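Read through the structure below, which is laid out as structure tokens, and then see the notes.
In what follows, chains are A, B, ... by sequence order, proteins preceding strands, each numbered from 1. Since the structure is predicted, the reported quantities are computational estimates derived from the model, not experimental observations.
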Number of protein chains: 2
Amino acid sequence: MTQPTICPKFEKAISLLSQKWTTLVIYQLLLGTQHFSEIRSAIGISGKVLSDRLKDLENQQIVKREVIPETPVIIEYSLTEKGKSMEPIIRDIEKWSQFWIEPDLNE
Amino acid sequence: MTQPTICPKFEKAISLLSQKWTTLVIYQLLLGTQHFSEIRSAIGISGKVLSDRLKDLENQQIVKREVIPETPVIIEYSLTEKGKSMEPIIRDIEKWSQFWIEPDLNE
DNA sequence: TCACTTAGTTACTTTATGTAATGAAGTATA
DNA sequence: TATACTTCATTACATAAAGTAACTAAGTGA
């Protein structure tokens with residue numbers, strides 16, 4: 001029996017979104033351009049993992065990293081068009097969660 | 001500086017969706033009721049992880065597990081209302097991926 | 001000089017996934 | 001009645017991903 005394989009584009013999108021923190025980083029950047037430590041403290045991610053995630057997202061052309069050559073140098077992270085185009089997905093998750101999720105009380 | 005914390009409902013939804021395989025399992029069940037080994041071979045997940053995921057999703061009331069007392073016993077997995085309500089999220093990811101994702105050639 | 005900041009990195013620990021073998025309950029065939 | 005096969009799992013073990021904490025380089029400011 002040949003199985004209908006899952007579309008590789010969809011699979012790739014899923015593997016991106018099912019990495020921990022990816023969605024929250026994008027969610028945070030939907031608010032606008034931010035610095036490393038802003039994202040870090042806003043979503044409570046560690047420096048190491050944020051650094052990894054931002055690299056992944058840059059490679060996927062979802063996040064843009066800009067070095068502003070002032071002194072001291074300023075580094076700005078923002079969403080590309082591709083990144084911004086994920087907003088509907090994230091808004092849907094947001095809406096769904098408001099309606100359907102009961103937050104855990106013991107956390 | 002007090003940070004605007006992220007909504008716990010949204011966070012919980014995100015942590016659910018960012019578990020590996022969760023979305024693909026739901027995606028598969030959007031096609032209708034299925035048996036363990038159907039899901040397994042359709043999305044290429046291992047028995048162990050599928051077992052874990054289905055338990056998680058049952059606990060979240062996203063998936064319903066029904067034991068049909070025939071002989072041999074038949075076990076059917078399907079989406080609850082809550083599970084079905086995730087369809088728009090998944091369709092959005094699907095649409096987004098079709099437009100924006102270049103599949104990796106080397107995989 | 002000393003303390004503090006930003007944007008990371010490094011070494012190490014813990015948790016999550018993956019792989020492969022196994023089990024229980026049943027069927028199907030010789 | 002062996003035996004081989006199926007389904008829905010579980011177990012033991014290996015590897016990969018994420019978390020923690022200390023550290024670095026370059027700069028500020030007192």
Worked check of salt bridge (charged side-chain N to carboxylate O under 4.0 Å, His left out) between A:Glu94 and A:Arg91: CA-CA 5 Å; A:Glu94 220 175 0; A:Arg91 296 301 167 213; 2.8 Å; yes
Nearest-Å distance for atom pair CG/P, residues A:Asp56 and D:dA16: 16 Å
Evaluate the side-chain proximity of B:Ile93 to A:Phe10: yes if any heavy-atom separation is below 4.5 Å, no if none is. yes
Is B:Tyr77 near enough to D:dT7 that one of its side-chain N or O atoms lies under 4.0 angstrom from OP1 or OP2? no
Calculate the interatomic distance between B:Ile75 atom CD1 and D:dT10 atom C1'; express it in whole Å. 14 Å
Please confirm whether the shortest side-chain N or O distance from B:Lys55 to OP1 or OP2 of D:dT10 is below 4.0 Å. yes
Would you tabulate the nitrogen or oxygen pairs shorter than 3.5 Å linking the protein to nucleotides 21-30 of chain D?
none

Gap between atom CD1 of A:Ile26 and atom CD of A:Glu87 - 0.5 Å precision: 11.5 Å
Rounded to whole Å, CD1 of B:Ile74 lies from P of D:dT6 at a distance of 17 Å
Any B:Ser46 side-chain nitrogen or oxygen under 4.0 Å from OP1 or OP2 of C:dT19: no
Output yes when at least one side-chain N/O atom of A:Ser37 is less than 4.0 Å from OP1 or OP2 of C:dA7, else no. yes
Starting at CD1 of B:Ile45 and ending at P of C:dT17, how long is that distance when rounded to a whole Å? 9 Å
Are the charged groups of A:Lys55 and A:Glu58 less than 4.0 angstrom apart, N to O? no
When you get a sec, tell me which of D:dA18, C:dG8, C:dT17 is the closest nucleotide to the side chain of A:Arg65? C:dG8
Whole Å only: how far is the CG atom of B:Asp52 from the P atom of C:dT17? 8 Å
With rounding to the nearest 0.5 angstrom, report the CZ to NZ distance, A:Arg40 to A:Lys48. 12.5 Å
If the cut-off is 4.0 Å, is B:Trp21 near the phosphate of C:dG18, judged by side-chain N/O to OP1 or OP2? yes
I need the CD1-P distance between B:Ile43 and C:dG18, as an integer number of Å. 10 Å
Let me know the distance between CZ of A:Phe36 and C1' of C:dT9, rounded to the nearest Å. 10 Å
Side-chain heavy atoms of B:Met86 within contact of B:Leu17, under 4.5 Å: yes
Just how far, in rounded Å, is C1' of C:dG8 from CD of A:Glu58? 13 Å
Is the closest side-chain donor-acceptor distance between A:Ser85 and B:Trp96 under 3.5 Å? yes
